[in-house]
Visitor: 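Sending over a structure as structure tokens; questions will come in a sec.
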Number of protein chains: 2
Amino acid sequence: MRLVVARCSVDYVGRLTAHLPSAVRLVMVKADGSVSIHADDRAYKPLNWMSPPCRIEESPGVWRIVNKAGEELRIALEEILHDSTHDLGVDPGLVKDGVEAHLQELLAATPTVLGEGLTLIRREYPTAIGPVDLLCRDSTGATVAVEVKRRGEIDGVEQLTRYLELLGRDPLLAPVTGILAAQEIKPQARVLAADRGIRCVTVDYDALRGIERDELTLF
Amino acid sequence: MRLVVARCSVDYVGRLTAHLPSAVRLVMVKADGSVSIHADDRAYKPLNWMSPPCRIEESPGVWRIVNKAGEELRIALEEILHDSTHDLGVDPGLVKDGVEAHLQELLAATPTVLGEGLTLIRREYPTAIGPVDLLCRDSTGATVAVEVKRRGEIDGVEQLTRYLELLGRDPLLAPVTGILAAQEIKPQARVLAADRGIRCVTVDYDALRGIERDELTLF
DNA sequence: CTATAAATGTCGGAG
DNA sequence: CTCCGACGTTTATAG
């Protein structure tokens, strides 16, 4: 990884056109050839960047970074204040926990959290328009489609609505009702869900993990 | 901005739980207190980060970064290979061109691109659930709601569907038909749009800009 | 490779 | 502050 602090101006021409006037910034060149330009604010997002795979053409005062799609980043270096290179090696990578997949797993193991007497038919139930997160049966024998999200927003309601429409046409499954399950559900999503007869269930991830642990300790 | 290259391990506990095993990485601390941790690949996204506003507690071998929401990033520094600080000043910021707003502007000026005889009623037509990008009238006098996107996906169809449903209830506007206009339209969006009687129009941004230029040169 | 959904999305604007 | 939609979204994954 090469770190250059320099007064520079930058132009990007690709999916849009963008220009950065002259200022002091960090230019980061990574081992895969990718380049990003950071100002002294915002942790996450570079001002400008070029994702790998890409190629750097380095001439005295100008770096030109191009990719296969013809996008181009041009950095005019006016004054270099710092320039160092570091060998970082390959990163072992990130271990995550608590994303949607895991929440779905926990709910599949304890569907009663979503409703009294609910039993799992299967996870990732396949349909023509994509898999339904959880397909369940309630105590009356009716089918229940569950959409699992970390955060419940309008998208999730729309997605579930499409599944319900499709599943409802299947005589083996009909009638099918819907549940949107999420750690947090936005008001607008609640309103839309209510309007479509979809039940909203907020799920406490930590509590759910606790239940799992408790059930495991019973053995 | 402070740049530290160090062998470190990192834990994040917040919206999810994540762990980075020991390896050499770049730790970037920005003037606003935000922190990001970069490996030697991927230009855009850091392995881990904490967005501002946040607070850093620095003890000898451990940095603890917390925010108001109680999220925490903990960096265990095992071996520091580089440590430098740079004064970057305030960045003048980015000038962009070519995004949805501009596409909408161009289509508002030349609605006939979307359909023979189409005339603009108004841009950003306000409704209870948000503004309709373009409201037009076709040659038969019927109202046409246009949703403008850079890339047409299912979201755009759903959004337009909600507008059409609402606008269709207004006796002054009904009947209302819909057009999804985008530089590129995904197959799934096309299928859903067709199913709902929404017309899809792909727009060539550069050509449209050319038309604008040509019309200007007529004066 | 394309297409699709998730993301610690982030960011900006309107209310 | 919350809500909402755009983003050069980026990123991962399935087909």
Side-chain angles (χ1 to χ4, degrees), chain A residues 11-18 34 36 41-52 67-73 93-94 96-104 124 126 129-131 133 147-151 153-156 158-159 162 182-184 186-192, chain B residues 10-18 34 36-37 41-52 54 65 67-73 93-94 96-104 124 126 129-131 133 147-151 153-156 158-159 162 182-191:
Chain A
D11 284 280
Y12 165 76
V13 179
R15 280 169 282 183
L16 56 61
T17 301
S34 66
S36 58
D41 60 354
R42 283 178 298 179
Y44 190 107
K45 202 183 173 182
L47 288 167
N48 249 320
W49 69 95
M50 183 63 74
S51 300
N67 71 3
K68 208 161 289 184
E71 297 171 62
E72 176 179 343
L73 189 67
L94 191 64
K96 285 185 186 182
D97 178 27
V99 285
E100 185 196 319
H102 197 208
L103 190 58
Q104 188 195 115
E124 301 286 349
I129 55 170
D133 288 339
E147 178 66 30
V148 180
K149 293 275 180 214
R150 207 178 57 73
R151 288 166 57 180
E153 299 179 23
I154 279 189
D155 275 17
E158 299 288 14
Q159 202 175 332
R162 291 194 294 274
Q183 287 181 268
E184 179 198 347
K186 296 281 176 180
Q188 207 184 33
R190 272 183 202 283
V191 171
L192 190 63
Chain B
V10 184
D11 283 281
Y12 165 76
V13 180
R15 281 168 281 183
L16 55 62
T17 301
S34 64
S36 57
I37 294 151
D41 60 353
R42 278 181 304 179
Y44 191 80
K45 201 181 177 184
L47 289 166
N48 247 321
W49 69 94
M50 183 65 74
S51 300
C54 59
I65 304 108
N67 70 4
K68 208 161 291 183
E71 296 171 59
E72 177 179 342
L73 189 67
L94 192 66
K96 286 185 185 180
D97 176 29
V99 285
E100 185 196 321
H102 198 206
L103 190 59
Q104 189 195 114
E124 301 286 349
I129 55 170
D133 288 340
E147 178 65 30
V148 180
K149 295 274 180 216
R150 205 180 61 71
R151 288 166 57 181
E153 297 180 24
I154 279 190
D155 274 18
E158 298 289 13
Q159 201 177 332
R162 291 195 293 274
Q183 286 181 268
E184 180 198 348
I185 298 179
K186 298 280 177 180
Q188 206 183 37
R190 272 182 202 282
V191 171

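Just so we're clear, the structure is a prediction, and the values are computed from it rather than from any experiment. Residue numbers begin at 1 in each chain, while the letters A, B, ... track the order of the sequences.
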Visitor: Could you measure between the two P atoms, the one in D:dG8 and the one in D:dC4, and give it in whole Å?
Guide: 22 Å
Visitor: Give the rounded distance in Å between these two atoms: CH2 of B:W49 and P of D:dT11.
Guide: 11 Å
Visitor: Think A:K45 has a side-chain N or O under 4.0 angstrom from the OP1 or OP2 of D:dT9?
Guide: no
Visitor: Picking from D:dG5, C:dA6, C:dT8, which would you name as closest to the side chain of B:Y12?
Guide: C:dT8
Visitor: Does D:dT2 have its OP1 or OP2 closer than 4.0 Å to a side-chain nitrogen or oxygen of A:Q188?
Guide: no
Visitor: Can you check the distance between C:dT4 and C:dT8, where both ends of the measurement are the P atom (answer in whole Å)?
Guide: 22 Å
Visitor: Is there side-chain contact between A:E100 and A:V148, with at least one heavy-atom pair below 4.5 Å?
Guide: yes
Visitor: Where each residue is assigned the nucleotide of DNA chain C containing its nearest heavy atom, which of A:R42 and B:E71 is assigned the position nearer the 5′ end?
Guide: B:E71
Visitor: Can you figure out which of D:dA6, D:dG8, C:dA6 approaches the side chain of B:R150 most closely?
Guide: D:dG8
Visitor: Distance check needed: C:dT4 C1' versus B:E184 CD, whole Å only.
Guide: 13 Å
Visitor: D:dT9 C1' sits how many Å from A:M50 CE, rounded?
Guide: 15 Å
Visitor: Roughly, in whole Å, what's the span from CG in A:L16 to C1' in D:dT9?
Guide: 11 Å
Visitor: Rounded off to whole Å, could you give me the CG-to-P distance for the B:L103 and D:dA6 pair?
Guide: 12 Å
Visitor: At their closest point, which heavy atom of B:I185 faces which heavy atom of B:A182, and how far apart are they?
Guide: CG1-CB, 3.9 Å
Visitor: Measuring to OP1 and OP2 of C:dT4, would you say a side-chain N or O of B:K186 lies under 4.0 angstrom away?
Guide: no
Visitor: Measuring only between side-chain heavy atoms, which start at C-beta, is A:Q183 closer than 4.5 Å to B:R15?
Guide: no
Visitor: Whole angstroms only, please: what is the CG-C1' distance between B:L47 and D:dA12?
Guide: 15 Å
Visitor: Between B:E124 and B:Q104, is the side-chain contact (heavy atoms from CB on, under 4.5 Å) condition met? List the steps.
Guide: CA-CA 9 Å; B:E124 301 286 349; B:Q104 189 195 114; 3.1 Å; yes
Visitor: Find which nucleotide of DNA chain C each of B:P187 and A:A43 is nearest to by heavy atoms, and output the residue with the more 5' nucleotide.
Guide: B:P187
Visitor: For a quick test of reading the model, state the closest non-hydrogen atom pair linking A:S51 to A:W49 and the distance between them.
Guide: OG-CD1, 3.5 Å
Visitor: For A:E153, which contact category applies under a 4.0 Å heavy-atom criterion: base, sugar-phosphate, or nothing?
Guide: nothing
Visitor: Under 4.0 Å between a side-chain N/O of A:R15 and OP1 or OP2 of D:dT9, yes or no?
Guide: yes
Visitor: Which heavy atom of A:M50 sits nearest to which heavy atom of A:L73, and what is that distance?
Guide: CE-N, 3.7 Å
Visitor: Whole Å only: how far is the CG atom of A:N48 from the C1' atom of D:dT10?
Guide: 15 Å
Visitor: If the C1' atom of D:dC7 is compared with that of C:dA7, how far apart are they to the nearest Å?
Guide: 13 Å
Visitor: Can you tell me if the side-chain N/O atoms of B:R151 get under 4.0 Å from OP1 or OP2 in D:dT10?
Guide: no
Visitor: Using atom CG of B:L94 as one end and atom C1' of D:dT9 as the other, report the distance to the nearest whole Å.
Guide: 14 Å
Visitor: Heavy atoms only, 4.0 Å cut-off, all strands: where does B:E147 land among base, sugar-phosphate and nothing?
Guide: sugar-phosphate
Visitor: Using the closest heavy atom to pick a nucleotide of DNA chain D for each, name whichever of B:K68 or B:A101 lands nearer the 5' end.
Guide: B:K68
Visitor: Just call it for A:Y44: base, sugar-phosphate, or nothing, with non-hydrogen atoms closer than 4.0 Å on any strand.
Guide: sugar-phosphate
